[in-house]
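First listed ligand is number 1; within each ligand, the first listed atom is number 1. On a predicted model such as this, the values are computed, not experimentally measured, just so you know.
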Amino acid sequence: MLILTSAEEATAISKEARQAGKRVGFVPTMGALHQGHLSLVRTARAQADVVITSVFVNPTQFGPTEDFSKYPRDPEKDSAMLAAEKCDYVFLPSVEEMYPPGATTWVNVEGLSEKLDGRSRPGHFRGVTTVVSKLFNIVQPDFAFFGQKDAAQVAIINKMVCDLNFDVRIVVCPIVRESDGLAMSSRNAYLNPDQRKQALVLYRALMRVQTLADRGESNSARLKVAGEQVMAEESAVKPDYFEIVNRDVLDPVADISGGALVAVAAYVGSTRLIDNIVLTGKGTASAPR
Ligand code: PAF
């Protein structure tokens with residue numbers, strides 16, 4: 001596996017591969033890799049001829065009081081994990097490479113970027129869509145792989161790709177969970193053993209909604225109350241939102257019969273965690289698109 005640090009080099013390598021008739025698969029990450037990321041790399045490996053993973057902790061998607069400086073960074077370990085998955089290239093740019101002095105252009109998906117996480121993290125999705133646009137322009141992939149865990153991010157990236165005619169196919173991969181149900185996240189590393197147990201309430205709340213939906217409850221207001229009641233059982237966990245929304249436009253739905261995204265965000269100590277399930281409307285969690 002080769003490590004690339006310059007955007008020019010990454011573009012040249014991708015261009016060469018595509019000219020040779022190879023399909024380029026791209027996995028954008030912020031590093032601190034876990035099995036969730038590796039599942040994206042494995043899917044990319046299965047679907048593309050050349051796999052490029054980026055590891056870049058993107059400063060523009062962190063708010064001024066968020067965890068940019070303490071976000072876990074271990075590029076050597078990440079590179080070893082990627083090499084073991086037979087990733088072909090890891091793109092590890094510096095902040096200056098991605099944001100040269102004087103850069104003033106933003107990409108923003110208006111409306112969607114202010115919903116769910118965007119409500120409590122102003123500017124977050126603008127940072128995500130700006131860096132993902134830049135990465136797409138640098139790597140010019142045929143396919144890009146994203147995790148369903150960031151469900152709002154998925155909706156926003158899909159909208160951006162459609163609105164701006166990016167020539168890339170977005171592939172969404174299922175959430176990878178620990179054996180007790182906790183969704184894998186780089187931020188789980190912040191949790192102490194007590195908080196690790198408390199964090200399970202997010203999954204329990206989602207499973208409560210799933211069970212009720214399986215039994216035929218389709219009223220979103222009642223499902224939301226049931227999920228919020230489970231969240232309230234863990235007083236150490238401070239909910240940010242518990243929402244039942246349309247998975248594309250992220251607006252609340254009154255009824256889940258046509259399918260819905262059930263998304264939760266909460267603070268465990270100072271660590272903000274998110275999780276979600278997708279209801280098909282027939283009472284079963286569907287595989288993500
Ligand atoms: O999902 C992430 O890890 C980040 O938001 C992404 C897509 C790599 C952009 O920095």
Subject >> Numbered atoms of ligand 1 (with element) below 4.0 Å of Gln153, judged on heavy atoms >> reply: 1 (O), 2 (C), 4 (C), 5 (O), 7 (C)

Original post:
For ligand 1, which atoms sit closer than 4.0 Å to a heavy atom of Val131?
Top reply: 9 (C), 10 (O)

Subject >> SB check Arg272 Asp117 (cutoff 4.0 Å) >> reply: yes

Original post:
Any side-chain heavy atom of Ile244 sitting closer than 4.5 Å to one from Val253?
Top reply: yes

Original post:
Of the backbone atoms (N, CA, C, O) and the side-chain heavy atoms from C-beta on, which set of Thr29 has a member under 4.0 Å from an atom of ligand 1: side chain, backbone, both, or neither?
Top reply: backbone

Original post:
What atoms in ligand 1 come closer than 4.0 Å to a heavy atom of Gln61?
Top reply: 4 (C), 5 (O), 9 (C), 10 (O)

**OP:** Just say parallel, tilted or perpendicular for the rings of Tyr71 and Tyr190, cut-offs at 30° and 60°.
**Re:** perpendicular

Subject >> Ring-face cation of Lys115 near Phe125 (centre distance under 6.0 Å, axis angle within 45°) >> reply: no

